[in-house]
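Below is one structure, written out as structure tokens; comments come after it.
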Amino acid sequence: MPTAAIGWAALSGARARWLAASERFGEACVLLEAGLEQAGLRGGQRELLRNLDELWRWQAKAGRADLALKHGRRAHALRLALARDAADRDALRLRQQMELEQAEREMRAHEQRAAQAQTQQQQLQQALDRLQTLQEELAERSRQASLGPLLAGVAHELNTPLGTALTALSSAAEGAQELLATLGSGAASRQGLLARLQALQEAQALAARSLRRALTLIESYRPQHPDCDARAALVDLVQRAWQRALPPEHPLQLQLRDDVGVPVWPEGAMEEVLVQLFQNVERHAYPAGEAGAVEVHGRRGGNAALHLAVRDHGRGIDPDLLPRVFEPYVSTQFGRGRSGLGLFIAEATVRQRLGGRLHAQSHPGQGSCFEIECPSPEG
């Protein structure tokens, strides 16, 4: 609409209101109705509503009821439309405000999670750094690190048989003194002498058994140090370790699979590890005196690495115990055998002398598998 027309419409509206104030409602209605649409263009919907409200009231006073009703209805419809628009705008602003607040809350929650994740990552990195430092220190002092627990374990293992032997010998010494005193007094009877001699014989036998047990433990702990360059065929290593680890009357069956077939296995250290693993199977995998199979599988892996698996199909290892099987003194039969040092020695030997790793896998009732991974001497 041209500016001149808008100015004219504003002037017409002002004149119409002057006429209405003079109670010349007919003339005011004609003039205001002529500029009605221009008023909407000039001032928008609210200006149009104002003019409509004035118009239908003036028409009613001028006796134009039909036109007053028409423009009153139009004003009412326009008022409702403006109210709906206002409500829609308010709802839109409220929704936008709620969305903005939700976005801000989500952003703050995301920032908090990001900060927590960063803190946890830093803590994890610090823990990994400490672990790496500890591993480096253990690698540098591996023999010294394991010597203390090993000696403590040996002392603990030897305590029972040596203590039993000492008690038996003390009892025998007291019995011998009592026997001498009885003989010296001349009051000894044949039956009493036989009873005391039998007691001395039993004490001597108990002491001898305990000392043999102690010697067996010492022998089993004695490390072998053959030539580091010595290599052996797997069948020879397994047979020697099998004979060392198990008593002749054991019911276990050995099943060997060798996919390498040449003398490549590190001779001394690998045999020591196999002894510990075979003894672990004999003591824990199957009930005492029950037959069972022990599978040994040797193969080459990537980068010329050697893999040796020892598997049984016995009881398996409890899930709570599995993560700790290579720790010292962990055993389900504490006080019998080695009290949990066998797998500790095996893992330490693999790590320190073979430069490899020993893994354990097991499920209750489905047996266990110990796998050795180490670099090949040829490499």
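Using a 4.0 Å cut-off between a side-chain N of Lys or Arg and a carboxylate O of Asp or Glu, Glu267 and Arg231 do not qualify as a salt bridge.
A distance of 8.0 Å separates CG of Leu67 from CG of Leu55, quoted to the nearest 0.5 Å.
Contact record, Ser368 with Ser362: OG-OG, 3.0 Å, taken as the closest heavy-atom pair. Phe278 and Val310 get closest at one heavy-atom pair: CE2-CG1, 4.1 Å. Leu252 and Tyr286 get closest at one heavy-atom pair: CD2-CD1, 3.7 Å. Between Leu237 and Pro266, the shortest heavy-atom distance links the atoms CD1-O, 4.0 Å. Nearest heavy atom pair, residue Gly26 against residue Ala62, reads N-CB, 4.0 Å. Scanning both residues, Gln276 and Gly342, for their nearest heavy atoms gives OE1-CA, 3.4 Å.
Under the side-chain hydrogen bond (donor to acceptor under 3.5 Å, both in side chains) criterion, the residue pairs touching residues 57-68 are Gln59-His71, with sequence neighbours excluded. Among residues at least two apart or in separate chains, salt bridge (Lys or Arg N to Asp or Glu O under 4.0 Å) pairs with a member in residues 357-375 are Arg299-Glu371, Arg357-Glu373.
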Requested in this report: Show the numbers, then the answer: is there a salt bridge (charged side-chain N to carboxylate O under 4.0 Å, His left out) between Arg24 and Glu27?
Outcome: CA-CA 6 Å; Arg24 298 164 63 181; Glu27 297 177 42; 2.8 Å; yes

Requested in this report: May I have the step-by-step check of side-chain hydrogen bond (donor to acceptor under 3.5 Å, both in side chains) for Gln116 and Arg113, ending in yes or no?
Outcome: CA-CA 5 Å; Gln116 292 175 355; Arg113 289 193 296 269; over 6 Å; no

Report task. List the steps and the verdict of side-chain contact (heavy atoms from CB on, under 4.5 Å) for Leu69 and Trp56. Result -> CA-CA 7 Å; Leu69 181 61; Trp56 73 263; over 6 Å; no

Report task. Report the C-alpha distance between His313 and Glu295 in whole Å, list the side-chain angles of each, state the deciding distance to 0.1 Å, and finish with yes or no for side-chain hydrogen bond (donor to acceptor under 3.5 Å, both in side chains). Result -> CA-CA 9 Å; His313 301 279; Glu295 301 174 4; 2.8 Å; yes

Report task. Quick one: do Glu101 and Gln97 satisfy side-chain hydrogen bond (donor to acceptor under 3.5 Å, both in side chains)? Show the steps, please. Result -> CA-CA 6 Å; Glu101 292 176 355; Gln97 180 66 24; 3.1 Å; yes

**Report entry** Check against side-chain contact (heavy atoms from CB on, under 4.5 Å), Asn280 and Phe370
**Finding:** CA-CA 11 Å; Asn280 183 72; Phe370 293 88; 3.8 Å; yes

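Side-chain heavy-atom separations under 4.5 angstrom define the hydrophobic clusters, and the remaining members of the one that includes Leu94 are Met98. Other members of the cluster containing Leu100 do not exist, because no ILVMFWY side chain is joined to it at under 4.5 Å.
If you run side-chain hydrogen bond (donor to acceptor under 3.5 Å, both in side chains) between Arg244 and each of Gln279, Glu272, Gln239, only Glu272 comes through.
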Please set out all donor-acceptor pairs under 3.5 angstrom arising from side-chain atoms of residues 78-89, sequence neighbours excluded.
{"from": "Arg79", "atom 1": "NH2", "to": "Asp53", "atom 2": "OD1", "distance (Å)": "3.1"}
{"from": "Arg79", "atom 1": "NH2", "to": "Asp53", "atom 2": "OD2", "distance (Å)": "2.5"}

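Partners of Pro248 under the side chain to side chain contact (heavy atoms under 4.5 Å, CB included) rule, at least two apart in sequence or in another chain, do not exist in this structure.
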